[in-house]
Amino acid sequence: MSLRRILTVDNRADIAVLKQVSKPVEAVDDALRALMDDMLETMYAAPGIGLAAVQVGEPVRVIVMDLAREGEEKQPRFFVNPQFTWKSEELFVYEEGCLSVPEIYDEVERPAKVKLTYLNYAGEKVEEDAEGLYAVCIQHEYDHLEGVLFIDHLSRLKRERALKKVKKDAQLSAA
Ligand code: K1U
Ligand code: ZN
């Protein structure tokens, strides 16, 4: 397993990759499992609760997640080719963050509950209901597969302020 670099929005080349629509996975094989292992290690190290493959420069439809709290046993989850089959009309607001938009947190409103299908680490089809943080996180990560960042849900003013801050922070930490 190895740690991968997480692409961030202070870098123009990284933005071009993050804006891509990720391609469907054709087979859940050992090469894909190696990518998922690297993503999980990278997510734990960041630390984060979710990560999409495009965030490590691989525009394929793969997500990893672990919503276990500190001190709880790890609960890694792997999603290949996820699809939503239903979204509630009821909405839920949550203050989101993103490893590709470091140190920016803001409220995003999304459907409170979703139903989804995906292939797991073994390549088996899973159908699941999600609510609470699980629903928030899977929708945030699914957005990455479509080239959408959580700041794209904010007003133009807030998005531009966020991008400016991320760039300034990156310059300061490089100096
Ligand atoms: O960049 C990402 O997609 C990961 C992101 C996932 C996420 C967070 C909050 C709402 C929706 C989606 C993160 O993990 S940001 C970091 C974070 O939330 C966190 C880090 C350590 C402990 C607890 C949370
Ligand atoms: Zn994100």
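Just so it is clear, the model here is predicted, and its values are computed rather than measured. The analysis underlying the following values was restricted to heavy atoms, covering all of them including side chains, and did not include hydrogens, waters or symmetry mates.
Inter-residue side-chain proximity for Glu109 and Phe92 is flagged as unmet; no heavy-atom pair is nearer than 4.5 Å. Taking 4.5 Å as the limit, some side-chain heavy atom of Val9 sits within range of a side-chain heavy atom of Leu163. By the 4.5 Å heavy-atom criterion applied to side chains, Leu3 and Asp38 are not counted as neighbours. Residues Trp86 and Lys113 have side chains in contact (heavy-atom distance under 4.5 Å, counting atoms from C-beta outward). Side-chain contact between Glu141 and Cys137 is present, with heavy atoms from C-beta onward closer than 4.5 Å.
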Give every donor-acceptor pair under 3.5 Å between a side-chain atom in residues 69-81 and any protein atom, sequence neighbours left out.
from, atom 1, to, atom 2, distance (Å)
Glu72, OE1, Arg69, N, 3.0
Asn81, OD1, Val25, N, 2.8
Asn81, ND2, Val25, O, 2.9

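In terms of heavy atoms, Ser88 sits closest to Pro111 at O-CB, 3.5 Å. Taking every heavy atom of both residues into account, Met36 and Val62 meet most closely at CG-CG1, 3.6 Å. For the pair Ile63 and Tyr142, the tightest heavy-atom approach, listed with the atom from each and the gap, is CD1-N, 3.8 Å. Residues Ala122 and Val28 share a closest heavy-atom pair of C-CG1, 4.4 Å. Residues Val17 and Gly57 share a closest heavy-atom pair of CG1-CA, 4.2 Å. Closest approach of Ala53 to Leu35, counting heavy atoms only: CB-CD2, 4.3 Å.
Using modelled atom types and a 3.5 Å distance limit, the side chains of Tyr94 and Arg110 yield no donor-acceptor pair. At a cut-off of 3.5 Å, with distance as the only test, no side-chain donor of His153 or Asp106 sits close to an acceptor on the other residue. The closest side-chain donor-acceptor pair between Tyr118 and Glu127, if any, does not fall under 3.5 angstrom.
Although no hydrogens or angles enter the test, the distance criterion places a donor-acceptor pair under 3.5 Å between the side chain of Gln55 and the main chain of Ala52. Panel note: side chain Gln139, backbone Ala135; a donor-acceptor pair is recorded below 3.5 Å. Side chain of Ser100 to backbone of Leu7: a donor-acceptor contact under 3.5 angstrom is found. Counting only distance, with no hydrogens or angles, the side chain of Asp14 and the backbone of Asn11 share no donor-acceptor pair below 3.5 Å. The main-chain N or O of Ser2 is found under 3.5 Å from a side-chain atom of Glu41 such that the two form a donor-acceptor pair.
Residue Leu172 is found outside any hydrophobic cluster, as its side-chain heavy atoms come under 4.5 Å of no other Ile, Leu, Val, Met, Phe, Trp or Tyr.
Residues Lys167 and Asp10 are not paired through a salt bridge, judged by the lack of any N-O separation under 4.0 Å between the basic side chain and the carboxylate. Asp169 has a carboxylate O that lies under 4.0 Å from a charged side-chain N of Lys165, or vice versa, which qualifies the two as a salt bridge.
The side-chain contact (heavy atoms from CB on, under 4.5 Å) test with Glu128 singles out one residue from Thr85, Val114, Leu116, and that residue is Leu116.
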Using the rule given for salt bridge (charged side-chain N to carboxylate O under 4.0 Å, His left out), can you reason through Arg156 versus Glu160, listing the C-alpha separation, both sets of side-chain angles and the distance that settles it, and then say yes or no? CA-CA 6 Å; Arg156 189 166 152 189; Glu160 284 172 1; 3.3 Å; yes
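Other residues, nucleotides and ligands place no more than 12 heavy atoms under 6.0 Å from the CZ atom of Arg161.
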